[in-house]
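Report on the following structure.
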Amino acid sequence: MDPQGVTVRRATLDDLEALRGLWRECRLPEFELERRFTEFQLALDPQDWIVAAVGLRAAGPHAQVHSLALRRPDPDDTCTGPLWDRILALAQQLGSLRLWLREPGPFWESRGFRPATPHELHDLPPAFGQPQEPWWTLRLRDDPLRVVAAEEQLEAFLELERLKTDRLIRRGRFLKLAGLGVAGGVLLFLLAALLVLLGRGRAARG
């Protein structure tokens, strides 16, 4: 199929019957998905036949990619390539920070999805499922609030280090002055002792 002949758009009510057939072919839960058909993006061939579909739903700054259905294998990304570009564009429009996925496979791994770490699973929206389930994830961009928090923590750390450095400098100056004071006191004591000895020597000679 010519990639230029593929069009991508959001599913409408008119597509529901064709989507049901595609979901049945791909053994997806059609009765569950039909209630959420507006989440689906479609790839259509030049005859407007649905050749691929994938769902995208958002929850706050996160989005879940789900229920990829292909009419036939797509080794050259003829359909899935434009469909994936559409998903990324929508996720950016929604302001999504991270994508989540329950359907691991070579296609998703080639797009950058990796198994979610325990730390990442703390951010999983409850609407998507349980963190005990096997999730894959793809970070799209950093959380601006976390970036600000990290910058504030860094600034606080640097300020603390500056205060420590200032204290060390002041302590060094104090010790230096104290050392000079002690040295001056010892020198004065030695001079005084010398003068006393000289005075006694003169008195003895007199």
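Throughout, residue positions are numbered sequentially from 1 according to the sequence presented.
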Taking all non-hydrogen atoms of both residues, which atom of [X] and which atom of [Y] are closest, and how far apart?
| X | Y | result |
| --- | --- | --- |
| G112 | L138 | O-CD1, 3.5 Å |
| P125 | H62 | CG-CB, 3.6 Å |
| L68 | E103 | N-OE1, 3.5 Å |
| V6 | A43 | CG1-CB, 4.1 Å |
| L22 | A52 | CD2-C, 4.3 Å |
| L121 | P131 | CD1-O, 3.5 Å |

Problem - Main-chain N/O of A63 paired to R98 side chain as donor or acceptor, under 3.5 Å - result: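 Checking the backbone N and O of A63 against the side chain of R98, no donor-acceptor pair under 3.5 Å is found.
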
Exercise for the section: Look only at the side chain of E120 and the backbone of T117, and say whether a donor-acceptor pair between them is shorter than 3.5 Å. Expected result: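 It does hold such a pair.
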
Problem - Which residues share a ring-ring contact (aromatic ring centres under 6.0 Å, His included) with W23, sequence neighbours left out - result: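 Only F40 meet the ring-ring contact (aromatic ring centres under 6.0 Å, His included) criterion with W23.
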
Handout entry: Under the ring-ring contact (aromatic ring centres under 6.0 Å, His included) test, residues paired with F37 that sit two or more places apart
Key =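 Listed in chain order: nothing, the list is empty.
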
Does [X] have any side-chain hydrogen bond (donor to acceptor under 3.5 Å, both in side chains) partners at least two apart in sequence or in another chain, and if so, which?
| X | result |
| --- | --- |
| E109 | none |
| E17 | R20 |
| D85 | none |
| H66 | R36, E39 |

Exercise for the section: Assess whether side-chain contact (heavy atoms from CB on, under 4.5 Å) is satisfied between L99 and T137, documenting all intermediate values. Expected result: CA-CA 6 Å; L99 293 178; T137 187; 5.8 Å; no

Exercise for the section: Apply side-chain contact (heavy atoms from CB on, under 4.5 Å) to V51 and L70, showing your working. Expected result: CA-CA 6 Å; V51 291; L70 297 176; over 6 Å; no

Exercise for the section: Can you run down the salt bridge (charged side-chain N to carboxylate O under 4.0 Å, His left out) pairs that involve residues 75-84, sequence neighbours left out, and say none if there aren't any? Expected result: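 Non-adjacent pairs meeting salt bridge (charged side-chain N to carboxylate O under 4.0 Å, His left out): D77-R111.
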
Problem - Pairs touching residues 125-134 that satisfy salt bridge (charged side-chain N to carboxylate O under 4.0 Å, His left out), sequence neighbours left out - result: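 Qualifying pairs, neighbours excluded: R102-E133.
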
Could you list the donor-acceptor pairs under 3.5 angstrom formed by side chains in residues 53-60, with sequence neighbours left out?
from, atom 1, to, atom 2, distance (Å)
R57, NE, Q64, OE1, 2.8
R57, NH2, Q64, OE1, 3.1
R57, NH2, A127, O, 3.0

Single-linkage hydrophobic cluster, 4.5 Å side-chain cutoff, [X] and [Y] together:
| X | Y | result |
| --- | --- | --- |
| L190 | V182 | yes |
| I50 | L28 | yes |
| F128 | L101 | no |
| L124 | V65 | no |

Handout entry: Other cluster members, L187 - Ile/Leu/Val/Met/Phe/Trp/Tyr, side-chain contacts below 4.5 Å
Key =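 L191, all in the cluster of L187.
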
With a 4.5 Å cut-off on side-chain heavy atoms, are [Y] and [X] touching?
| X | Y | answer |
| --- | --- | --- |
| L42 | T7 | no |
| L90 | R10 | yes |
| L83 | Q41 | yes |

Exercise for the section: Supply the atom-to-atom distance D123 CG to R139 CZ, rounded to the nearest 0.5 angstrom. Expected result: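 Going from the CG atom of D123 to the CZ atom of R139 covers 11.0 Å.
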
Exercise for the section: With rounding to the nearest 0.5 Å, note down the distance linking CG in L13 to CD in E34. Expected result: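 Interatomic distance, L13 CG to E34 CD, rounded to 0.5 Å: 10.5 Å.
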
Exercise for the section: Any chance you could lay out the side-chain contact (heavy atoms from CB on, under 4.5 Å) test for Q92 and L140, step after step, and finish with the verdict? Expected result: CA-CA 8 Å; Q92 291 174 358; L140 300 179; 5.6 Å; no

Handout entry: Ring centroid separation W136 to F113 under 6.0 Å
Key =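 Distance test on ring centres: not under 6.0 Å, no.
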
Practice task
Please identify each residue that fulfils side-chain contact (heavy atoms from CB on, under 4.5 Å) with T12, with sequence neighbours left out.
Solution key: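 Residues passing side-chain contact (heavy atoms from CB on, under 4.5 Å) with T12: R9, D14, D15.
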
Exercise for the section: Apply side-chain contact (heavy atoms from CB on, under 4.5 Å) to P106 and list each qualifying residue two or more places apart in sequence or on a separate chain. Expected result: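 Counting only residues at least two positions away or on another chain, P106 forms no side-chain contact (heavy atoms from CB on, under 4.5 Å).
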
Handout entry: Stepwise side-chain contact (heavy atoms from CB on, under 4.5 Å) check, L44 with W49
Key = CA-CA 5 Å; L44 301 98; W49 184 252; over 6 Å; no

Handout entry: W100 and W135 aromatic ring geometry - parallel, tilted or perpendicular at 30°/60° bounds
Key =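 Perpendicular, since the angle between the ring planes exceeds 60°.
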
